[in-house]
S.K.: 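My questions will all concern the structure given below.
In the text below, chain A, chain B and the rest are named by the order of the sequence lines, each starting its count at 1.
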Amino acid sequence: MPSSPPARARFAPSPTGRFHIGGARTALYDYLLAHQTGGQFILRIEDTDQKRFDPNAERELMDSLRWLGIEWDEGPDVGGPCAPYRQSERKAIYQRHASELVKRGHAYPCFCSSDRLAQMRQEQQKRKQSPRYDGTCRDLAPSAAQARIDAGEPHVVRFKTPRDGQTTAVDLIRGPITVENVNLDDYILLKSDGLALYHLAAMADDREMRITHVLRSAEWLPTFPLHVLIYQALEWPQPVWVHLSVFLNPSGKGKMSKRHAAEAKGGVASIFPLDMRDEGYLPEAVVNWLALMGWSYDDHTELFPMNDLVDKFSLDKLTPSPAAVNFTKLDHFNGLYIRGLSDADLARRVQPFFAQAGLKTDPARLEQIAPLIRERIRTLQESVEIAGFFFRDDVRPADELLPGKGLSPAQAAVAARRALQIIEASAVFDDALEASLRSLAEELGLSAGEVFGLLRLAVTGQPVSPPLLESMRIIGKPTVQARIADVAARLESLAA
RNA sequence: GCCCCCAUUGUCUAGUGGCCUAGGACGUGGCCCUCUCAAGGCCAAAACGGGGGUUCGAAACCCCCUGGGGGCACCA
């Protein structure tokens, strides 16, 4: 891999709602780029919109990123050389740049009220025109404008977009994008309360924070030329621009949404990393899955733990086309990573899910169980369903499950009694016991599966479980005997 | 309505003019293994949206169409 100069990449979310996988993937790419080049990954909070501010959002986004293993080098909580890292605390910086723009003749104060603007927009749309600022304040004499400002008249600052010519903006994965300047608007840079809008704030911060690569959502493509124009007006060198395509719903129809994603998987899929954590997905699986939605390495490798990702990631292998999220593929990766866990690690990770279900576990027993469930669970959560019986003492198969598949009550009762005798006579639950049980089945004219199935029901309470002998060994002889005896008695009264 | 982006199996993708009879993965179907369920192994079906060019040769380059997506706020 050719070594590149250290990159400074920033992830700049706005804390306005729950944190979803779209943001996580952008942050992941930022992180990979920074780590690969020995640069920095910066977290910046874009909270200039006080109206949409959600006090819980910042916490969730930080928790999500940390859970995924995407740690930042500079940010609001860890500080850094370019602090502060919250836009609401950087107001003065934006005002300075706005004044500079006005001074250079690239921006102007605008006194039009939002009411008038809204009305204007409505009329334009009625006439099937593009909604655009009509330029009322664009050519006000600077002295006249200053007089109105001095008089305390509320105003915003707008960018003075050229009326003719065209602007070319270069995106790394899409190449040059050229637009006619008439199709751009005189966008507002500074609100009447003095706070900056994204267009100014993000540009100023990226400049001040010496960002070398801007990775952001493709939703910014329409205003990309404006951003380039702002850089040009201030004579700033441009960063590398990379617009990441949005995620689509699993159906491929429309931008990914919470509701549509959930519907696609029977109402259980979530697009939020923290929900994934609670459902029993491993962060390494989510990262691997996310990395591959929009990036690839070669024509066959798909297993990429974080350290490989740092090593192999490259911007030129990013795809420009939008990707539909595929939750079944996440399940696949989760299974893959679960199977790669050691007994101790699996036991440790699964423990909270048992606790959540109200089951008391102990580490030693969980570690015994780990090899039995590792290949049978897609999520950590599923371990409770498949192995909860190891920790319950009220294990009893439901009435409708008895007498067991393919058996009459009388047959089942006899089989249970005979099996109980064999088990009582066994010092250890080994291969010899299995062989005895098999010959019992043969003697009774039953299949081994029928006998094992019946015992499985008695011992685990469920028709599907980890392998029977191994499970019995962990549960212990006294409990196994008690459970089989109980079922035998129920079967006998059923047969009577 | 206007502007912008995108286009290979159901989905994620490989493909940078001849290595393509289009590769890998998920999912799907079948078989094997098997005490259930998994896991694992093997096999199979499944794609270059359409039309024009350019070229000795196009999945790849250009144009048009179509389809899909995004955007048009004193949100980000």
S.K.: Give a yes or no on whether a salt bridge exists between A:R86 and A:E58, defined as a side-chain N under 4.0 angstrom from a carboxylate O.
M.R.: yes

S.K.: Strictly below 4.0 Å: does A:K329 bring a side-chain N or O up to OP1 or OP2 of B:A25?
M.R.: no

S.K.: Examine B:G15: is either OP1 or OP2 under 4.0 Å from a nitrogen or oxygen in the side chain of A:K317? Give yes or no.
M.R.: yes

S.K.: Would you call A:D298 and A:K317 a salt bridge, taking side-chain N to carboxylate O under 4.0 Å as the test?
M.R.: no

S.K.: Tell me which of A:S251 and A:E180 sits closer to the 5' end of RNA chain B, going by the nucleotide each one is nearest to.
M.R.: A:E180

S.K.: Nearest to the side chain of A:N326 - B:C74, B:A38, B:G10?
M.R.: B:G10

S.K.: Checking contacts here: which listed nucleotide (B:G69, B:C2, B:C72) is nearest the side-chain heavy atoms of A:V246?
M.R.: B:G69

S.K.: Does a side-chain N-to-carboxylate-O contact under 4.0 Å join A:R10 and A:D30?
M.R.: no

S.K.: Run the salt-bridge test on A:R473 and A:D430 with the 4.0 Å N-O cut-off and return the result as yes or no.
M.R.: no

S.K.: Go through B:G23, B:G69, B:C74 for me and flag the one nearest to the A:V156 side chain.
M.R.: B:C74

S.K.: Under 4.0 Å, counting only non-hydrogen atoms across every strand here, what does A:P467 touch: a base, just sugar-phosphate, or nothing?
M.R.: base

S.K.: Which part of the nucleic acid, if any, lies within reach of A:R127 when heavy atoms closer than 4.0 Å are counted: base, sugar-phosphate only, or nothing?
M.R.: nothing

S.K.: Report the base-pairing partner of B:A7 (Watson-Crick or G-U wobble, both distances below 3.5 angstrom), or none.
M.R.: B:U66

S.K.: Sort out the partner of B:C72 for me: Watson-Crick or G-U wobble, both distances under 3.5 Å, none otherwise.
M.R.: B:G1

S.K.: Give one of base, sugar-phosphate or nothing for A:T319, where a contact means two heavy atoms less than 4.0 Å apart.
M.R.: sugar-phosphate

S.K.: Does A:R339 have a side-chain nitrogen or oxygen under 4.0 Å from the phosphate oxygens OP1 or OP2 of B:G40?
M.R.: yes

S.K.: Could you please name the partner base of B:A14, counting Watson-Crick and G-U wobble pairs only when both distances are under 3.5 Å?
M.R.: none

S.K.: Side chain of A:D299 only, please: which of B:A14, B:A76, B:G40 is the nearest?
M.R.: B:A14

S.K.: Using only heavy-atom distances, decide whether a donor-acceptor pair under 3.5 angstrom links the side-chain of A:R52 to the base of B:C75.
M.R.: yes

S.K.: Any idea which of B:G40, B:C3, B:G27 is nearest the A:T328 side chain?
M.R.: B:G27

S.K.: Could you check whether A:R138 pairs with A:D186 (Lys NZ or Arg NE/NH1/NH2 to Asp/Glu carboxylate O, under 4.0 Å)?
M.R.: yes

S.K.: Using a 4.0 Å heavy-atom cut-off, does A:P466 contact any base of the nucleic acid, only the sugar-phosphate backbone, or nothing at all?
M.R.: base

S.K.: Of the options B:C74, B:A25, B:A76, whose atoms approach the side-chain atoms of A:H332 most closely?
M.R.: B:A25

S.K.: Considering Watson-Crick and G-U wobble pairs with both distances under 3.5 Å, what does B:A39 pair with?
M.R.: none

S.K.: Can you figure out which of B:G70, B:A14, B:C6 approaches the side chain of A:S296 most closely?
M.R.: B:A14

S.K.: Using heavy atoms to find the nearest nucleotide of RNA chain B for A:T48 and A:V464 separately, return the residue whose nucleotide is more 5′.
M.R.: A:V464

